[in-house]
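Residue numbers count from 1 along this sequence.
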Amino acid sequence: DVLHPEARTWFGKPVVVGRAFRLELPGTNSSDQSFTVSLSPALMASMFVSPSLHLHGRVAGLLWAVLADTGADSRAALVSSVDLGYAPVSFASLIAGVELQGGWYGAGVDHLQLRGGVRIFVSGDSALEISAGSALAGSERADLVIWLGYASRSAPPTQESPSRLQDWAR
């Protein structure tokens, strides 16, 4: 994965804009012995509307090709998502979002997913997150998707941020 974040200002609000590129080469995924190549270019932005309210958006391409024993296969899709984070207290934030993906199974919607969760800050530089989502429409159905994550980062030594959530987007 390669990520290149940049600080900007939009409509008078601080924003972190990022470009990302993910590449999976043959032999880097041990779950399958097939010759597989995948890549995902992405653009994302996080706007800090207020110290306790943040908006995050992402658009990404999903490109995949495999040469399996049964023959070659390739797929492509476009995915976009919008998430809102709200920190009503200093040690936790609520997260809600929607994701739309199309193209993986041909023309049409692969999934329209709603999700929500909570992030608990366990120290100044780490947090635990639990989220759940469900596909409401599309060819790719999922009754429930659960994600449990942990993130840690080092804060800049001399910079004070007006928002703890803003630190997480850098």
Side-chain angles (χ1 to χ4, degrees), residues 1-26 28-29 36-65 74-104 109-133 145-170:
D1 291 342
V2 176
L3 176 63
H4 181 70
E6 296 177 14
R8 303 269 175 98
T9 302
W10 292 351
F11 310 107
K13 302 291 182 187
V15 175
V16 175
V17 177
R19 297 178 304 276
F21 186 79
R22 182 180 188 149
L23 175 65
E24 183 179 319
L25 296 171
T28 59
N29 186 342
T36 304
V37 176
S38 66
L39 59 103
S40 179
L43 297 172
M44 57 201 89
S46 294
M47 178 182 275
F48 308 100
V49 180
S50 75
S52 61
L53 184 65
H54 304 114
L55 181 64
H56 177 77
R58 176 179 70 107
V59 175
L62 306 173
L63 308 165
W64 174 81
S74 63
R75 295 179 187 238
L78 184 65
V79 61
S80 63
S81 63
V82 175
D83 294 283
L84 209 85
Y86 173 64
V89 293
S90 63
F91 62 89
S93 62
L94 303 173
I95 306 155
V98 62
E99 179 176 286
L100 178 65
Q101 178 180 308
W104 196 259
V109 173
D110 295 335
H111 65 259
L112 172 63
Q113 182 186 65
L114 288 181
R115 57 182 176 239
V118 63
R119 182 179 295 138
I120 305 293
F121 302 102
V122 292
S123 73
D125 64 351
S126 60
L128 294 173
E129 182 179 321
I130 185 162
S131 305
V145 176
I146 297 174
W147 185 79
L148 177 63
Y150 173 79
S152 178
R153 70 158 201 89
S154 297
T158 59
Q159 180 179 358
E160 286 208 21
S161 174
S163 164
R164 291 183 59 140
L165 286 178
Q166 185 173 349
D167 288 340
W168 284 93
R170 291 188 185 146

Legend entry - Contact check, side chains of V118 and I95, non-hydrogen atoms, under 4.5 Å: no
Inset, instruction - Please report the shortest heavy-atom distance between V59 and S80, naming the atom on each side. - result: CG2-CB, 4.1 Å
Legend entry - Any donor-acceptor N/O pair, S40 side chain to G61 backbone, under 3.5 Å: yes
Inset, instruction - Considering non-hydrogen atoms only, spot the tightest contact between V16 and P5 and give its length. - result: CG1-CB, 3.9 Å
Legend entry - Rounded distance [0.5 Å steps], CG in L23 versus OG in S38: 7.0 Å
Inset, instruction - Could you tell me whether the side chain of Q113 reaches within less than 4.5 Å of the side chain of V145, counting heavy atoms only? - result: yes
Inset, instruction - Determine, step by step, whether L112 and V98 satisfy the side chain to side chain contact (heavy atoms under 4.5 Å, CB included) criterion, reporting the C-alpha distance in whole Å, the side-chain angles of both residues, the deciding distance to 0.1 Å, and the verdict. - result: CA-CA 7 Å; L112 172 63; V98 62; 3.6 Å; yes
Legend entry - Lys/Arg N to Asp/Glu carboxylate O, R115 vs D83, below 4.0 Å: yes
Inset, instruction - Assess whether side chain to side chain contact (heavy atoms under 4.5 Å, CB included) is satisfied between L62 and L78, documenting all intermediate values. - result: CA-CA 6 Å; L62 306 173; L78 184 65; over 6 Å; no
Legend entry - Non-hydrogen side-chain atoms of Y86 and S93 separated by less than 4.5 Å: no
Inset, instruction - Can you measure from CZ (R119) to CD (E129) and round to the nearest 0.5 angstrom? - result: 4.5 Å
Legend entry - Where F121 and A92 come nearest, the two heavy atoms and their spacing: CD1-N, 3.7 Å
Inset, instruction - Answer yes or no: are there more than 12 heavy-atom neighbours, outside Y150 itself, under 6.0 Å from its atom OH? - result: yes
Legend entry - Heavy-atom pair with the smallest gap, counting every atom of A45 and V15: CB-CG1, 4.3 Å
Legend entry - Residues E6, R8: salt bridge by 4.0 Å N-O rule: yes
Inset, instruction - Walk me through it: do E99 and V79 pass the test side chain to side chain contact (heavy atoms under 4.5 Å, CB included)? - result: CA-CA 7 Å; E99 179 176 286; V79 61; 3.6 Å; yes
Legend entry - Flag, side chain of K13 to backbone of V49, donor-acceptor distance under 3.5 Å: yes
Legend entry - Gap separating the CG atom of L84 from the CE atom of M47, nearest 0.5 angstrom: 12.0 Å
Inset, instruction - Take the angle between the ring planes of W104 and W64 and call it parallel below 30°, perpendicular above 60°, tilted in between. - result: tilted
Legend entry - Test item: S50 side-chain N/O and L53 main-chain N/O as donor-acceptor pair under 3.5 Å: yes
Legend entry - Criterion side chain to side chain contact (heavy atoms under 4.5 Å, CB included) on F21 and L39, from CA distance to verdict: CA-CA 7 Å; F21 186 79; L39 59 103; 4.0 Å; yes
Legend entry - Inter-residue atom distance I120.CD1 - S126.OG, 0.5 Å rounding: 12.0 Å
